[in-house]
Number of protein chains: 2
Amino acid sequence: MPLQPVSRRSVPDAVFDQVLDEVVSGALGPGEPLPSERRLAEVLGVSRPAVREALQRMTQTRLLDVRHGGTTTVRDFRKYAGLDLLPSLLVRGGSVDTTVVRSVVEARLLIGPGVAALAAQRRDDATVADLSATVSAYAASADPVERQRHTLAYWDLVVDAADSLTFRLMFNSLRAAYEPALPVLAPVLDAGESARPYRVLTTAIDGGDPDTARAAAERVLRPSTDTLLAALHDLDTLTSREER
Amino acid sequence: MPLQPVSRRSVPDAVFDQVLDEVVSGALGPGEPLPSERRLAEVLGVSRPAVREALQRMTQTRLLDVRHGGTTTVRDFRKYAGLDLLPSLLVRGGSVDTTVVRSVVEARLLIGPGVAALAAQRRDDATVADLSATVSAYAASADPVERQRHTLAYWDLVVDAADSLTFRLMFNSLRAAYEPALPVLAPVLDAGESARPYRVLTTAIDGGDPDTARAAAERVLRPSTDTLLAALHDLDTLTSREER
DNA sequence: TCCCGGATACTGGTCAGACCACTTGACCAC
DNA sequence: GTGGTCAAGTGGTCTGACCAGTATCCGGGA
């Protein structure tokens, strides 16, 4: 078996995860008050600083409303939480949430072409060469996970070429959510992909025409999106049948 | 003058802001080591817990790499930071960064139509009614900032209708970056907008056809995007002329 | 009866100091 | 060169204390 780095979850991490789960699972709804820090520390068997650190991280994610002297209350994460919460929502309790996966690949399909169009407008020769090299590496690889890593690297370069800070940060957030789930998703995604559409997209970006690039990107993303959505649909009907 | 709530920046907040600025300004490049927590506390004249809290928040934003027993080093925020960093990058040192604004409105133009298309597919009567009501409120308002708030509420509803967690979180992140800059941007954006395109978009979403909704959304966003980009361009040429 | 004001008992914010756990690097024995 | 040992420095955690705000209740005045 392949050796893996041992995971050492810190105390505040554990507290954070617990409180986060309470919030996103709905056990603690919006507006509900949290126990005081001292009380939480006592209940969880940890020190107050540990609790504080966890709560501060929750606050940073806009999940809590902390008022000096008053009570700490839960905010509505659907209304305020940012994209950085996505990883926590995607894989919760060890398994991936299919509805969240669906929304991620949907977003990928809707945004990718736009980014490709920008990239075509602002392309430079060096990046296009990198894109070509990445496609070759992708084509030469056989392992689905490894191939998916190459597609990630490819889109990373496209985002670079688009020269947009907003899309860069968006991509980073999505990748952070995507990568942990990659081993599960890779086989399905890989089934819907081949190297040719990527080559076409590379040429389109090189050509500099936004509309061509947009169409080419759509042809890259559409097949794997469809296969994944179909797989998710099958999975849903399967589990709902089991529930009966 | 209108009274404003006094701002009570906490000690860790102040430390966080300082360290963040060091990182995003490039004064501390990727890979460079940070002083030890004890040393930072001494230099900044605060306690170690205060420093720790700030560094933990930096770590949560994927801006630092902290290793137990080892040195804390700076990560490349362009490569790892998520969309939640956008507010910090948009308004830095009191003024808005024009290149960041450009990328935000670009992203808005590229993503909005896709979300509208999804919303058309998944619309329900209640949301459409809310959309109509919001447009009316928008049309009835005269103050640019207030009108922009109504457009925000409108898109909030569109995102709701799209029923996509990913786009929901994205929208939340963008709004968090957008809202503080609204007083500055509102007059420019308002100049390029009217109520009619919003009414057309509402009808399109109600109709349920994705392509129609996409086109309508583009017609909503295009004018204000163009006027804002033009204004930014003028601003850039103006300041670069001043520099000579 | 109502309402206002202040005492009080909470809350979170901050600090100091201590100890534990871990990494690093130098040194030493083999 | 390899591996073990050790000391120094780092981040991780805890305790306990005090400061600074809020909420609540209760008594006195209208």
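Because the structure is predicted, anything quoted here is derived from the model rather than measured. In the text below, chain A, chain B and the rest are named by the order of the sequence lines, each starting its count at 1. Side chains are part of it too, since the values below use all heavy atoms of this structure and drop only hydrogens, waters and symmetry mates.
Non-hydrogen atoms lying under 4.0 Å from DNA chain C are contributed by Arg52(A), all within residues 51-58 of chain A. Looking at residues 38-46 of chain B, you'll see that no heavy atom sits under 4.0 Å from any atom of DNA chain C.
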Hey, what are the protein-to-nucleotides 7-9 of chain D N/O distances that come in under 3.5 Å?
| residue | atom | partner | partner atom | Å |
| --- | --- | --- | --- | --- |
| dG9(D) | N2 | Gly69(B) | O | 3.1 |

Original post:
Is there a side chain to side chain contact (heavy atoms under 4.5 Å, CB included) between Leu55(A) and Glu37(A) once you walk through the steps?
Top reply: CA-CA 9 Å; Leu55(A) 296 192; Glu37(A) 295 180 353; 3.9 Å; yes
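Screening residues 72-81 of chain B for salt bridge (Lys or Arg N to Asp or Glu O under 4.0 Å), with sequence neighbours left out, gives no hits. Evaluation of the salt bridge (Lys or Arg N to Asp or Glu O under 4.0 Å) test over residues 137-166 of chain A, restricted to residues two or more places apart or in two chains, returns Arg147(A)-Asp190(A), Arg149(A)-Glu179(A), Asp156(A)-Arg168(A), Asp156(A)-Arg175(A), Asp160(A)-Arg168(A). Listed by first and then second residue, the side chain to side chain donor-acceptor pair (under 3.5 Å) pairs that reach into residues 14-34 of chain A are Arg9(A)-Asp17(A), sequence neighbours excluded. Residue pairs satisfying the salt bridge (Lys or Arg N to Asp or Glu O under 4.0 Å) criterion with at least one member in residues 95-106 of chain A, sequence neighbours excluded, are listed as follows: Arg102(A)-Glu106(A), Glu106(A)-Arg122(B). Applying the ring-ring contact (aromatic ring centres under 6.0 Å, His included) test to residues at least two apart or on different chains, none of the pairs has a partner in residues 33-89 of chain A.
In this view, Glu193(A) satisfies the salt bridge (charged side-chain N to carboxylate O under 4.0 Å, His left out) rule with no residue, not counting sequence neighbours. Under the rule for a ring pair (Phe, Tyr, Trp, His ring centres under 6.0 Å), the partners of Tyr198(B) that lie at least two apart in sequence or sit in another chain are Tyr138(B), Tyr154(B). Evaluation of the salt bridge (charged side-chain N to carboxylate O under 4.0 Å, His left out) rule for Asp125(A) yields Arg123(A) as partners, not counting sequence neighbours.
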Just list the side-chain donor-acceptor pairs under 3.5 Å for residues 87-96 of chain A, sequence neighbours left out, or say none.
none

